[in-house]
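Report on the structure given below.
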2 protein chains.
Amino acid sequence: MASTLHDVARLAGVSIKTVSNVINDYPHIRPATKAKVEQAIADLGYTPNLTARSLRSGRTGAIALAVPELALSYFAELAAAVIEAAEEAGLVVLVEQTGGDRDRELELLRSPRLQMTDGLIFSALGMGQDDAAHLERPYPLVLLGERIFDAPVDHVTMRNVEAARAATEYLLASGRRRIAVVGAHPGEVIGSAGLRLRGYREALESAGVPYDDSIISETTTWHRANGARGMRDLLDRGVTFDAVFGLNDTLALGAMRVLQEAGIRVPADVAVMGFDGLDEAEYSIPSLTTIDPGQRWIARTAVTTLLERIQRTDAAGEPRLLLADFHVVERESAPSKAMIDA
Amino acid sequence: MASTLHDVARLAGVSIKTVSNVINDYPHIRPATKAKVEQAIADLGYTPNLTARSLRSGRTGAIALAVPELALSYFAELAAAVIEAAEEAGLVVLVEQTGGDRDRELELLRSPRLQMTDGLIFSALGMGQDDAAHLERPYPLVLLGERIFDAPVDHVTMRNVEAARAATEYLLASGRRRIAVVGAHPGEVIGSAGLRLRGYREALESAGVPYDDSIISETTTWHRANGARGMRDLLDRGVTFDAVFGLNDTLALGAMRVLQEAGIRVPADVAVMGFDGLDEAEYSIPSLTTIDPGQRWIARTAVTTLLERIQRTDAAGEPRLLLADFHVVERESAPSKAMIDA
DNA sequence: CCGACACTCTACAACGTTGTAGGCCGCGAC
DNA sequence: GTCGCGGCCTACAACGTTGTAGAGTGTCGG
């Protein structure tokens, strides 16, 4: 651990640079010399000092991933996928949690800690459209999430509006007409909640079903407890509905739990639809029909896109918007028309 | 971003070392000089180059956390807690996934990538007691998990035997006598499964209840699907039981799901007990009675212990075994005797 | 009035690596 | 016989930072 190129060079009786050349596969080395050096490396158990290499090369071989909270399943699965993709590309991943707090997100962007990485995959939650300018930094950055669009950076995300529309159309096609929503954010236009609600409204409109905000429940963060709270809220209002669209799986699972506590059958009385395609949605009772928004593709694409930015020497290249394909995952909580007919 | 101490020094008209001194709060600097330097720093937007600092100081300010799989809720929550604790200590965290594979775990230990960090918090899953020697490296290391004991490193973990014993005693106290187990690992003695099964057996023995391996179901990994599979297995065997102890929450949730599909009421017919105290166990239907093994304490203690090892210059100091407190979290899937009486 | 000492600052080296320039050798071509 | 050239290797500088040694002031006590 403590041995350096210097030690190896001395043991092998060559110059320090020759050792470096052996390590980096420089072509013109006599086989005899190479063998001697490799023997010395093995004897000393030499491993290159990556910090020194970073200083010299300007590359660290690490990227940062910033998410609101790892304990949220969605972000845990995202992080898992990012780390896996990064590892394939020979990169390690430094994970930061921002708590979804705007100030902490901005602080992170300015933080010198980022210097320890070659680039950042940034899942913003607290920042808004007005903060787009803060993203313009001379540092490879890939944006995730749907809080900011049209920023001067590459952006990998999902088709929120279209997917939510498809989810709603799916419920409508199975005969539901009063589709409640859990997890709306008051007044939000951009952001997962706003976009998904827009898709929901578009679907209603196309089907000629009136939008009724008495069956829309608002929450702040998308924790499971808030899904439960939102559903209790709806039940307290005494409104009627035959389906619930949880704007993410966690909310939907919390809501479904409260429905069942209240003696309401799922899906017989009320169908439940989620969004995210989490692992755990497959094992709830009943299993949760949901949208797979293409998270693995997003993770993989974020890594490769960031890598391109890192390798590109010219800062140029138009910022790109990359959108994942989605699909409805049909399960028990909201059977399709075909499944009901069968 | 591109400015260095050199640039600042030139602008402020002082030596490069003086600038360094200002940044590091060296005491003997004239206020006028300090102001001049600080102005120059502000003008240039200078931030210190952390890579250079690391090379010089031998410290990176980063630690590594290796877990089997971030997508598993238990490890996601662990990672979240570790990152939070590390941040408070001014450290960033590099997260690695080993897949619980022994070879990848060993490879990680040898990996030069670790040089980018000051220490490692290592949650081993694939390695076993025989691999203890591999942990003996001149590198700050804190071990988590229960695959390896008596290794020459600090070890922070939970009281598996005692906690599983308490869980079983809790079920026995509520009147259950035929307590099935889901998630046992065949022949395992050390490891979460082996230890928790031991606690289970100890509790049975103390209560004079015979151990019956026909109601013990074995699985490999503790994914949710395996909990479901284990329970189906038990049902297929045609054995009778009035409680199930899932060796972790994920297994218990999968098992509970299958029970209910089979028309078996929880907890009326069969009580279900988990282990881990995951967030999601609170929102299942019914909510899951479980063991909180003190995960947050473990995360926090792992970070502080690692930090001590890093700061300690002498390699000495006995390896320590630090054990978290646990407690039973009483919920619906297994009500306590008191709750039943009420 | 001089030496001691505290204060303020500078020059240099070093952390371990890699890029650049160049040196030496042997061989083939003129 | 010498020139040129490719193959092999070395010396040196540089990445940006901080520790060490020490130089130059000023002040204070004897």
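Proteins come first, then strands; the chains are lettered A, B, ... in the order of their sequence lines, and each starts at number 1.
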(message) In whole Å, I'd like the distance from the CZ atom of B:Arg30 to the C1' atom of D:dG26.
(response) 11 Å
Can you tabulate the close N/O pairs, meaning under 3.5 Å, that link protein atoms to atoms of nucleotides 16-26 of chain C?
unit_1, atom_1, unit_2, atom_2, d
C:dT17, OP1, A:Tyr46, OH, 2.3
C:dT17, OP1, A:Asn49, N, 3.0
C:dT17, OP2, A:Leu5, N, 2.6
C:dT18, OP1, A:Asn24, ND2, 3.4
C:dT18, OP1, A:Arg53, NE, 2.9
C:dT18, OP1, A:Arg53, NH2, 3.4
C:dT18, OP2, A:Ser20, OG, 2.8
C:dT18, OP2, A:Asn24, ND2, 3.4
C:dT18, O2, A:Arg56, NH1, 2.5
C:dG19, N7, A:Lys17, NZ, 2.9

(message) Using side-chain heavy atoms (C-beta onward) and a distance below 4.5 Å, is B:Asp43 in contact with B:Leu11?
(response) yes
(message) Rounding to an integer number of Å, can you tell me how far A:Ile29 CD1 sits from D:dT10 P?
(response) 10 Å
(request) Carefully, step by step, assess B:Thr51 and A:Gln115 under the rule side chain to side chain donor-acceptor pair (under 3.5 Å). (result) CA-CA 8 Å; B:Thr51 307; A:Gln115 289 196 350; over 6 Å; no
(message) Determine whether A:Asp154 and A:Thr305 satisfy the following criterion, side chain to side chain donor-acceptor pair (under 3.5 Å), listing intermediate values before the conclusion.
(response) CA-CA 8 Å; A:Asp154 292 329; A:Thr305 306; 5.8 Å; no
(request) Would you tell me whether B:Ser123 and B:Tyr74 have side-chain atoms, one donor and one acceptor, within less than 3.5 Å of each other? (result) no
(request) Check the distance between C:dT10's C1' and B:His28's NE2 and give it to me in whole angstrom. (result) 16 Å
(message) Check whether B:Glu69 reaches the backbone of B:Phe75 with its side chain - one donor and one acceptor, N or O, closer than 3.5 Å.
(response) no
